[in-house]
Amino acid sequence: MNGLPPVTSGAVGSYLGVPLVVRDQPVGALCVFDAEPREWSDEDVTLLEQLAGPVVAELQLAALAAEYEDERLLWQLAVDAAEVGAFDWNLDTGELRWDDRLLGLFGLNRETFGGTIDSFNEAVHPDDLDRVTEALTHAIETCGVYAAEYRVVWPDGGIRWVAARGRALAGPGGVASRLLGAAFDTTAVQDGEARVARVLESMPTAFFQLDRQWRFTYVNTEAHRLLGGIGREIVGGVIWELFPDAVGSDFEIHYRRAADSGRPVEFEAYYPPPLDAWYEIRAWPTPDGLSVYFFDITDRRRAQLAVTSATERTGLLSGITDALTGMLDIEDAVEHLAQAVVGRWGDWSIVTLVGTPLPSKSTQSFAGGGGDPGRVWRRGLADVAGWHIDPAARAMVERYLQVRIPSLSDRSFLARALRENRPVVVGEQAAEAIAGVLEPGEARELCLLLAPTSAVVVPLRGRGRTVGLLTVFRGAGRPRFSTEDIADLVDAAARAGLALDNSRLYAEQRDLAEGLQRSLMTAPPQADHVQVAVRYEPAAEAAQVGGDWYDSFLQPDGATSVVIGDVVGHDTVAAAAMGQVRGLLRGIAVTTGAGPSEVLRRVDEAMQTLQVETTATVVVARLEQTEEDQVAGTTRLRWSNAGHPPPLVAVSPQAAVTPQTATGSPPAVERAQVEVTALWPAQSELLLGLEPSFPRTESVVTLTRGSTLLLYTDGLVERRGQSVDDGVAKLKGVLADLLADGLGVEEMCDEVLARMLPERPEDDVAIVAVRLHPGDRPRPAEAGPENVSRNVAGA
Amino acid sequence: MDAEQGSASEPQFAVTVDDRGDVAVVQMSGELDVYTAPALRETLTEQISGSANRVVVDLTGLSFMDSTGLGVLLGTRKAAVAVSKSLAVVSVEGPVMRLISITGLEHVLQVFATVDEAVKPD
């Protein structure tokens with residue numbers, strides 16, 4: 001205190017202070033002072049102490065008032081901000097007091113407001129009045145809380161939403177005598193909600209809400225439309241009761257997952273009849289339960305399935321084509337076809353071929369129809385393949401294949417399909433229907449055992465002709481053939497028909513080429529002192545067959561001629577041309593009796609004259625024996641070569657025999673050294689068919705008895721990666737070996753082919769081998785009988 | 001024009017044409033056999049019926065030729081003669097030349113050792 005300015009300035013001479021205490025806490029001091037120093041008496045202190053009490057009270061009051069004022073201000077601000085209006089209803093007098101704001105909420109003012117509850121009731125919207133009155137009554141009766149939200153109709157007709165809260169206060173008698181409360185405008189909120197509700201309602205997407213007990217609380221129009229198929233009221237119902245098929249399904253799994261995890265789910269699922277539809281669903285949990293919206297995607301789903309199915313079908317169909325086209329062997333192809341259609345399209349199948357010359361399982365049992373005209377349709381028909389989806393039934397199908405065709409009557413579906421050249425469908429009770437067209441017997445028994453319920457017979461069409469028929473059967477439990485199934489089978493049959501046609505044509509062509517070739521190869525004549533062996537080996541590929549030939553004939557003077565030739569080109573065209581050239585040559589040679597070069601020249605001219613449009617390499621060789629030759633045991637070989645690889649000649653091996661030893665063991669024979677010569681021309685001469693004026697020469701060589709001559713075509717010596725010369729050298733070696741081993745000419749030919757040809761020859765090969773035997777000794781047994789025509793000299 | 005033909009099991013056969021105005025030089029590589037001959041035939045037919053008066057067929061790039069190739073050459077020669085055009089072949093010692101000589105075709109085909117020699121007019 002001594003430091004305080006009033007003290008130091010001397011203004012205060014004497015001081016008396018008492019503490020002001022509130023709840024044992026000093027909050028201040030009450031003091032008096034005088035400028036003059038003075039003595040304070042005990043009564044002065046007591047008086048001050050007594051004054052302290054009221055001072056404290058006043059201070060407290062002031063503080064409270066200030067606090068109250070602050071709070072009141074705050075409250076007022078809050079009320080202003082919320083635009084809350086207040087009411088005070090005196091239940092005893094009936095007076096209703098509203099503040100200005102509340103009047104404003106109701107669109108009224110002091111003049112238009114009546115001041116009683118009637119005014120309120122008039123203002124409340126008729127639809128809400130009952131509800132509000134009930135809330136008020138309840139609050140009054142219980143002396144409790146009042147809460148209501150209702151619409152208010154303004155004098156001008158406008159509608160506002162008002163939310164009210166209040167409290168009933170009891171009077172002295174314990175009964176409510178006053179109701180106080182506040183109210184505020186909630187129109188915006190209500191409108192907002194109404195707007196949302198309208199949007200939900202009109203949304204093209206189906207939407208519903210479930211509460212925590214899985215009860216529908218809201219279902220929009222679209223949802224009603226999609227789910228209405230259940231024929232019951234949805235809102236208020238429990239989803240698991242209204243839609244029992246959802247229990248345990250993807251629906252339940254996903255909904256519960258969303259509810260449990262608190263996270264949204266998205267999924268597609270199918271609901272069976274009465275809805276029978278696919279849905280895409282999104283569900284998310286809300287504080288009140290689960291909100292779900294969904295689309296009906298049945299059409300999209302069906303389209304997808306159709307595409308997948310179509311793709312699958314196309315894949316299967318093209319798979320059939322690919323597989324069959326790769327199969328040149330008809331047996332493989334029909335087996336594959338029978339299996340390919342089983343599964344997707346049927347339970348078992350049979351493939352029937354028309355006019356097949358190929359061996360099949362049932363040709364033995366097929367009687368051929370005889371002279372019965374009614375059975376002509378089945379001539380050449382053969383059930384060649386069948387398959388059953390059930391392995392246990394396959395043996396039955398196999399047996400059925402063997403016995404079916406002969407038992408079929410003319411009314412059979414097979415006959416009809418053949419006749420009308422279009423699919424025949426047995427839609428139902430196929431077993432009975434088919435049994436009905438089968439003669440009594442094993443086939444009918446088997447048919448009833450196999451018990452088809454439906455069947456389709458589809459013709460297999462090739463190029464301009466029916467190649468066969470495909471029959472597909474379905475057993476019990478499978479639906480009938482749909483239009484789509486039949487269309488697929490017709491498609492598959494078309495593809496298979498063409499593929500089978502190709503296989504057949506290929507086989508026929510190859511057979512034809514080889515057949516043609518072989519038909520032109522006649523057995524060589526066998527003159528006394530000469531043994532001729534011939535071989536023809538077609539190329540492995542059908543495309544390569546045709547063009548090579550051999551020939552051997554006797555000219556009128558008795559001389560044996562051998563010919564080897566090769567038409568340039570391959571295939572059936574070459575084979576036909578070869579036939580012409582071969583025929584021309586032997587005709588000219590035999591008629592003119594001319595020597596080899598003359599024959600070739602004349603053939604060349606004839607080819608030009610006759611316009612044989614081909615070229616050919618040829619060797620004509622003639623074995624001549626004058627009387628001197630006969631005596632000397634020699635034969636002269638005269639030949640002419642038109643562009644062909646050189647003939648090979650092997651002189652008779654001279655075996656050296658060592659004399660018997662004293663012990664009498666058989667003489668040892670040294671393996672002879674065989675010399676093989678290739679008769680290369682000094683100058684190659686032109687092949688036939690280009691320039692008939694080309695000067696041709698012939699050469700002569702003398703052969704001794706036992707010699708061997710080999711003529712061959714380039715298929716024997718031509719290989720990729722080496723020249724013809726290399727091949728000829730190899731052939732010489734092979735021939736030398738074989739002759740050293742003392743092989744007879746037939747065996748020698750086989751061995752030559754075996755050693756020279758690759759696994760799959762690329763080119764045809766024809767060879768002619770001639771062995772000269774001693775003329776003055778009887779024809780050796782291994783040479784076979786003599787074979788010479790009557791008008792040949794010496795015969 | 002380039003033509004290529006071959007399959008998984010056969011080496012590639014390729015034909016190229018060098019158009020030198022009055023002379024067309026047809027060159028090739030690979031194996032000439034029944035499978036690849038059609039490609040050559042097509043090219044040669046085109047050249048014979050084209051603007052060039054002389055067609056030179058260079059066989060030196062071939063690793064193999066059989067009678068099918070001969071057939072193509074002969075067919076081309078015939079077509080050339082028919083329209084008064086000339087055909088020349090380029091070939092050097094080897095299997096292809098051997099085939100040409102064994103068949104005596106060197107007597108009817110003009111065979112040269114190089115393209116330069118072959119393109120000179122007759």
Side-chain angles (χ1 to χ4, degrees), chain A residues 539 541-548 566-571 573-574 577 600 604 613-619 640-646 678 680-681 683-691 693-697 713-715 717-728 760 762-764, chain B residues 5-13 28-41 59-82 87 89 91-111:
Chain A
E541 291 289 322
Q544 306 278 57
V545 172
D548 289 14
D566 186 354
V567 165
V568 171
H570 302 274
D571 70 38
V573 173
L600 284 177
D604 217 354
E613 299 282 335
T614 196
T615 54
T617 63
V618 188
V619 171
S640 185
N641 184 343
H644 201 84
W680 289 105
Q683 213 357 261
S684 292
E685 292 180 7
L686 188 63
L687 65 167
L688 297 185
L690 283 179
E691 250 158 65
S693 60
F694 187 85
R696 297 194 180 274
T697 64
T713 54
D714 64 0
V717 293
E718 200 171 73
R719 299 280 171 272
R720 289 175 197 260
Q722 66 182 46
S723 76
V724 172
D725 305 80
D726 298 329
V728 172
R760 288 176 57 84
E762 273 190 54
D763 200 355
D764 290 0
Chain B
Q5 200 169 31
S7 73
S9 58
E10 283 141 35
Q12 289 294 314
F13 171 76
M28 63 204 78
S29 62
E31 299 188 353
L32 180 55
D33 57 24
V34 67
Y35 304 105
T36 58
L40 178 61
R41 191 177 288 119
L59 304 174
T60 55
L62 289 179
S63 55
F64 173 80
M65 183 175 85
D66 63 10
S67 57
T68 329
L70 283 186
V72 175
L73 288 176
L74 292 175
T76 307
R77 176 181 167 275
K78 191 170 153 190
V81 166
L87 178 73
V89 170
S91 185
V92 292
E93 228 177 273
V96 174
M97 193 60 211
R98 275 306 277 154
L99 188 59
I100 290 175
S101 63
I102 290 174
T103 52
L105 278 178
E106 48 196 346
H107 300 293
V108 297
L109 288 177
Q110 295 178 47
V111 183

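Small disclaimer: the values here were computed from a predicted structure and weren't measured. The chains referred to below are lettered A, B, ... by the order of the sequence lines, with proteins before strands, and numbering in each begins at 1.
Looking at B:Leu105, the atoms closer than 4.5 Å to chain A (heavy atoms on both sides) sit in the backbone and in the side chain alike. Only the side chain of A:Leu690 comes within contact range of chain B, with at least one heavy atom under 4.5 Å from a heavy atom of that chain. At a 4.5 Å heavy-atom cutoff, the contact between A:Asp725 and chain B is made by side-chain atoms alone.
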- Item | Evaluation steps, side chain to side chain donor-acceptor pair (under 3.5 Å), between A:Glu685 and A:Thr697 | CA-CA 8 Å; A:Glu685 292 180 7; A:Thr697 64; 2.2 Å; yes
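A:Leu688 and A:Leu600 make their closest contact through CD2-O, 3.7 Å (heavy atoms, listed as atom of the first residue, atom of the second, distance).
Under the salt bridge (charged side-chain N to carboxylate O under 4.0 Å, His left out) criterion, A:Asp604 pairs with A:Arg696, sequence neighbours left out.
Evaluation of the salt bridge (Lys or Arg N to Asp or Glu O under 4.0 Å) test over residues 67-79 of chain B, restricted to residues two or more places apart or in two chains, returns A:Glu613-B:Lys78, A:Glu691-B:Arg77.
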